[in-house]
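For the single chain, residues carry numbers from 1 onward in sequence order.
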Amino acid sequence: QVQLVESGGGLVQAGGSLRLSCTASGRTYAMAWFRQAPGKEREFVASKSGGRTSYADSVKGRFTISREYAKNTVYLQMNSLKSEDTAAYYCAARSSADFDAPQAQQTYDYWGQGTQVTVSS
């Protein structure tokens with residue numbers, strides 16, 4: 001069982017930046033970020049697995065996902081934040097490489113507890 005611990009959320013003004021971190025207790029192959037705004041379904045934000053990186057259209061050019069494999073950690077650098085980025089952000093991970101859809105929630109076996117990001121306009 002892999003545990004994921006997120007950090008880095010907070011309150012920021014529109015146009016500002018935040019960096020989220022997520023550290024896994026064990027080795028993982030794929031790691032991703034999802035988010036859920038109040039009253040909305042959880043949605044894909046970004047993923048990184050092997051040499052493959054994916055982003056949701058809504059964050060392309062503003063968010064960057066990166067991994068530090070030696071520390072089993074994934075980061076999400078969020079720039080040019082907008083009020084619509086306000087949500088609880090969840091880290092997700094999968095230990096094996098046998099999957100086709102990095103954007104799908106069901107791809108991931110492990111989930112963090114979430115960290116709140118609030119962007120004020």
Side-chain angles (χ1 to χ4, degrees):
Q1 190 79 1
V2 174
Q3 293 184 331
L4 305 176
V5 179
E6 301 124 329
S7 62
L11 174 65
V12 64
Q13 288 189 333
S17 299
L18 279 176
R19 189 176 82 153
L20 305 183
S21 301
C22 172
T23 299
S25 61
R27 277 195 170 185
T28 60
Y29 180 78
M31 296 190 80
W33 290 96
F34 289 78
R35 66 186 181 186
Q36 187 168 19
K40 295 188 177 182
E41 294 187 352
R42 190 174 298 187
E43 64 176 6
F44 170 78
V45 175
S47 67
K48 193 165 183 70
S49 54
R52 184 169 54 174
T53 302
S54 299
Y55 293 98
D57 288 343
S58 59
V59 307
K60 279 181 183 176
R62 300 188 299 122
F63 291 10
T64 302
I65 188 170
S66 60
R67 293 187 65 174
E68 193 169 358
Y69 288 92
K71 295 184 177 181
N72 293 329
T73 298
V74 64
Y75 304 98
L76 185 68
Q77 178 65 44
M78 305 184 294
N79 299 329
S80 302
L81 282 161
K82 306 175 182 179
S83 56
E84 51 262 45
D85 295 318
T86 295
Y89 282 71
Y90 296 89
C91 176
R94 180 183 177 96
S95 297
S96 61
D98 55 340
F99 65 95
D100 295 321
Q103 303 95 330
Q105 293 185 52
Q106 55 265 38
T107 291
Y108 301 93
D109 303 312
Y110 308 106
W111 291 83
Q113 78 286 355
T115 186
Q116 180 67 35
V117 171
T118 302
V119 184
S120 63
S121 55

Main-chain N/O of [Y] paired with [X] side-chain donor or acceptor, under 3.5 Å:
X      : Y      : value
Ser49  : Ala30  : no
Thr107 : Ala101 : yes
Tyr55  : Gly61  : no
Glu6   : Gln113 : yes

Open item on the list: Between Thr28 and Arg67, do the side chains contain a donor N or O and an acceptor N or O under 3.5 Å apart?
Closed with: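 Yes.
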Open item on the list: Checking Thr118 against Thr86: is there a side-chain donor and acceptor pair closer than 3.5 Å?
Closed with: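 The criterion, which ignores hydrogens and geometry beyond distance, is not satisfied for Thr118 and Thr86.
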Task: With sequence neighbours excluded, residues passing side-chain hydrogen bond (donor to acceptor under 3.5 Å, both in side chains) with Arg62 - done: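 Arg62 satisfies side-chain hydrogen bond (donor to acceptor under 3.5 Å, both in side chains) with Asp85 once adjacent residues are dropped.
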Please report the shortest heavy-atom distance between [X] and [Y], naming the atom on each side.
X     : Y      : answer
Leu11 : Ser120 : CD1-CB, 4.3 Å
Ala46 : Leu76  : CB-CD1, 4.2 Å
Ser95 : Asp109 : N-OD2, 4.1 Å
Ala32 : Ile65  : CA-CD1, 4.4 Å
Ala14 : Ser121 : CB-CA, 4.2 Å

Task: For Asn79, all residues meeting side-chain contact (heavy atoms from CB on, under 4.5 Å), sequence neighbours excluded - done: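 In terms of side-chain contact (heavy atoms from CB on, under 4.5 Å), with neighbours along the sequence ignored, Asn79 is linked to Ser17, Gln77.
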Would you check if [X] and [Y] make a side-chain contact, meaning some heavy-atom pair closer than 4.5 Å?
X      : Y      : answer
Val12  : Met78  : no
Cys91  : Met31  : yes
Val59  : Arg35  : yes
Pro102 : Tyr108 : yes

- [ ] Assess whether atom CZ of Arg27 is packed by more than 12 heavy atoms of other residues, nucleotides or ligands within 6.0 Å.
- [x]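 No, CZ of Arg27 has 12 or fewer neighbouring heavy atoms, counting only those of other groups under 6.0 Å.
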Task: Whether over 12 other heavy atoms sit under 6.0 Å from Glu84 CD - done: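 For Glu84, atom CD is crowded (more than 12 foreign heavy atoms under 6.0 Å).
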Task: Tyr90 and Trp111 aromatic ring geometry - parallel, tilted or perpendicular at 30°/60° bounds - done: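 Ring orientation of Trp111 relative to Tyr90: perpendicular.
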- [ ] Linking directly or through intermediates, with side-chain heavy atoms under 4.5 Å: list the remaining ILVMFWY members grouped with Phe99, chain and number order.
- [x]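 So far as hydrophobic clustering goes, Phe99 is joined with Tyr29.
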Same cluster (ILVMFWY, side-chain, under 4.5 Å), [X] and [Y]:
X     : Y      : value
Val74 : Val2   : yes
Val45 : Tyr110 : yes
Trp33 : Phe63  : yes

Open item on the list: Quick check for you: to the nearest 0.5 Å, what is the distance between Gln36 atom CD and Gln105 atom CD?
Closed with: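 Result: 8.0 Å between the selected atoms.
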Open item on the list: Rounded to the nearest 0.5 Å, what separates atom NZ in Lys71 from atom OG in Ser21?
Closed with: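 That separation rounds to 9.5 Å.
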- [ ] Measure from NZ or CZ of Arg42 to the centre of the six-membered ring of Phe34, then state whether that distance is under 6.0 Å and the direction lies within 45° of the axis.
- [x]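 Ring-cation test returns no.
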